[in-house]
Amino acid sequence: LRGQVAEARWRLDDAARHYRAAIAEDRTLAWPHTELARVCLMQFDLEGFRRHQDAALQLDTTPQLRRRQRLRVTGTHLGQIWDEFRADTALGARVAACMALDPAMRVSALRGVLREEPDTLAPSLLLLIALRQSGQLDRARPAAGTAIPRRIVQFWAGDLPDDVAALMDSWRQLHPGWEYCHFDLAGAGEWLSAHAPADVLRAYVRAGLAAQKADIFRLAYLQTAGGVWADADDRCIAPLDGLLAPGVRLLGWQEHFGSLGNNFLAAAAGHPALARALALATGAVNRGDADMPWLATGPGALSRALAQEIAADAATLDGLRVLERGEAARLAVFHCFAAYKRTARHWLRAASTRSDTA
């Protein structure tokens with residue numbers, strides 16, 4: 001618990017120390033190794049990640065076997081992020097040197113790395129973490145331009161189950177004066193045909209997973225029309241009005257890994273980070289990249305795009321508001337359980353099945 005509190009405050013050295021103490025208390029438990037592996041990843045300690053993720057897999061094989069995942073580090077979500085981190089050893093040495101700096105200096109150094117190697121995941125996530133640790137994500141400086149429309153946009157592919165419908169309806173109930181748009185597979189395709197470039201529609205059609213279709217559609221819709229995107233498995237528990245202050249042009253929340261979550265995302269039309277993320281996502285699908293959806297079209301792509309924009313121009317921080325997890329938890333309950341998550345309809349299970357089949 002001490003480790004999780006420290007991690008929530010982005011005091012990663014303290015979190016690692018507490019998790020190591022938990023491991024020393026009982027070496028038969030897998031979960032402290034999992035927690036410590038995540039912190040090692042955010043500190044760019046790649047060997048530490050491998051050691052603790054291996055230990056977690058060996059100590060608790062049941063969840064992996066139930067999901068029909070192989071007992072290997074890269075068979076997990078974190079493991080695939082780690083695999084991406086270690087892909088370029090030369091870049092890794094430069095990033096490791098940046099990590100020795102204090103957070104404010106690290107921001108400047110990582111921006112320099114990204115200007116030279118823009119489409120890389122490790123410096124992108126580590127830049128977003130350093131921005132948080134240095135206090136630069138705590139307050140949004142007002143930005144000129146159009147405001148975020150009071151419009152909630154949601155998407156579901158196929159027949160809508162009752163449990164998911166109840167979660168989706170929570171957003172409409174708490175925002176009675178807002179416009180509400182609900183798209184299915186056909187409706188999203190029709191909207192893209194009318195408003196998006198041909199390569200975006202092509203990627204939407206080619207995407208093999210419903211989650212990737214949602215990723216592409218959300219970026220295209222928000223970049224073109226603006227509004228608030230809420231995933232179908234999120235339950236709203238408080239109105240959004242106070243968050244969409246004048247001058248806020250992009251609103252999101254920061255996930256465990258430092259990434260910008262895309263399940264809840266609000267934007268004014270024409271935001272450059274969304275345009276860049278859409279280009280990354282459509283390019284990945286149209287090329288046939290084999291990366292998992294999180295990396296190719298989801299939060300990984302969105303985080304790389306935002307970090308690239310910040311690296312190119314620090315003014316991108318103007319109008320950017322990124323909620324901490326505690327702030328986000330007062331707004332909505334994210335990733336609620338729903339029955340479909342026990343089936344291959346859930347993106348993580350579907351991606352694992354597709355990978356094993358390949």
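Residues Leu121 and Leu91 fall within the same hydrophobic cluster, defined by Ile, Leu, Val, Met, Phe, Trp and Tyr side chains chained together at heavy-atom separations under 4.5 Å. A continuous path of ILVMFWY side-chain contacts below 4.5 Å connects Ile81 to Leu126, so both sit in one hydrophobic cluster. Two different hydrophobic clusters hold Trp229 and Leu280 under the rule that ILVMFWY side chains link at heavy-atom gaps under 4.5 Å. Under a hydrophobic clustering in which Ile, Leu, Val, Met, Phe, Trp and Tyr are joined whenever their side-chain heavy atoms come within less than 4.5 Å, directly or via other members, Leu29 and Phe49 fall into different clusters. When hydrophobic clusters are built by joining Ile, Leu, Val, Met, Phe, Trp and Tyr residues whose side-chain heavy atoms come closer than 4.5 Å, directly or via intermediates, Leu167 is not grouped with Tyr180.
Contact of the Thr297 side chain with the Leu209 side chain is not registered, since no non-hydrogen atoms from C-beta on lie closer than 4.5 Å. Using a 4.5 Å heavy-atom threshold, the side chains of His77 and Met292 count as touching. Between Glu179 and Arg150 the shortest side-chain heavy-atom distance does not fall below 4.5 Å. Counting only heavy atoms from C-beta outward, the side chains of Leu278 and Leu274 never approach each other to under 4.5 Å. Phe334 has its side chain out of reach of Glu255: every pair of non-hydrogen atoms, C-beta onward, lies at least 4.5 Å apart. Using a 4.5 Å heavy-atom cutoff, the side chains of Val248 and Leu243 are not in contact. Side-chain atoms of Ile23 and His52, non-hydrogen and from C-beta on, do get closer than 4.5 Å to each other. With contacts defined as side-chain heavy-atom distances shorter than 4.5 Å, the pair Leu185/Phe155 qualifies.
Using bins of under 30°, 30° to 60° and over 60° for the plane-to-plane angle, the ring pair Phe257/Trp294 lands in the perpendicular bin. Ring planes of Tyr340 and Trp156: perpendicular class, angle over 60° (limits at 30 and 60°). Ring geometry for Phe217 against Phe183 counts as perpendicular: the plane angle is over 60°, on a 0 to 90° scale with 30° as the lower cut.
At least one donor-acceptor pair closer than 3.5 Å links the side chain of Asn286 to the backbone N or O of Asp199. Checked by atom type and distance alone, the side chain of Gln254 pairs as donor or acceptor with a backbone atom of Leu128 at under 3.5 Å. At least one donor-acceptor pair closer than 3.5 Å links the side chain of Arg115 to the backbone N or O of Ala311. Checking side-chain atoms of Ser134 against main-chain N and O of Pro103 turns up no donor-acceptor pair under 3.5 Å. Between the side chain of Thr316 and the main chain of Glu309, a donor-acceptor pair closer than 3.5 Å is present. A donor-acceptor pair under 3.5 Å is absent between the side-chain atoms of Gln53 and the main chain of Val73, judged by distance alone. In this structure, the side chain of Arg249 engages the main chain of Ala269 through a donor-acceptor pair within 3.5 Å. Asp102 places a side-chain N or O within donor-acceptor distance of the main-chain N or O of Met105, the cut-off being under 3.5 Å. Side chain of Tyr19 to main chain of Gln4: a donor-acceptor pair is present (N/O by atom type, distance under 3.5 Å, no hydrogens or angles).
For the side-chain hydrogen bond (donor to acceptor under 3.5 Å, both in side chains) with Asp54, the lone residue among Arg51, Arg50, Gln58 that qualifies is Arg50. Under the salt bridge (charged side-chain N to carboxylate O under 4.0 Å, His left out) rule, Glu7 has a single partner from Arg2, Arg38, Arg17, which is Arg38.
The residues Glu117 and Arg94 are annotated as not salt-bridged, no charged nitrogen and carboxylate oxygen being separated by less than 4.0 angstrom.
For Glu327, the side-chain hydrogen bond (donor to acceptor under 3.5 Å, both in side chains) criterion is met by no residue, not counting sequence neighbours.
Open room surrounds CG on Asp162; 12 or fewer heavy atoms of other groups in view lie less than 6.0 Å from it.
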For this session: Mind running ring-ring contact (aromatic ring centres under 6.0 Å, His included) on Tyr221 and Trp191 for me, showing each step along the way?
Result: CA-CA 9 Å; Tyr221 190 98; Trp191 189 94; 4.8 Å; yes
Would you mind writing out the side-chain donor-acceptor pairs for residues 318-325 within the sub-3.5 Å range, not counting sequence neighbours?
unit_1	atom_1	unit_2	atom_2	d
Asp318	OD1	Arg141	NE	2.7
Asp318	OD1	Arg141	NH2	3.0
Arg325	NH1	His256	NE2	3.0

Distance-only check: which donor-acceptor pairs under 3.5 Å involve side-chain atoms of residues 40-48, not counting sequence neighbours?
unit_1	atom_1	unit_2	atom_2	d
Gln43	NE2	Asp13	OD1	2.6
Asp45	OD1	Gly48	N	2.9

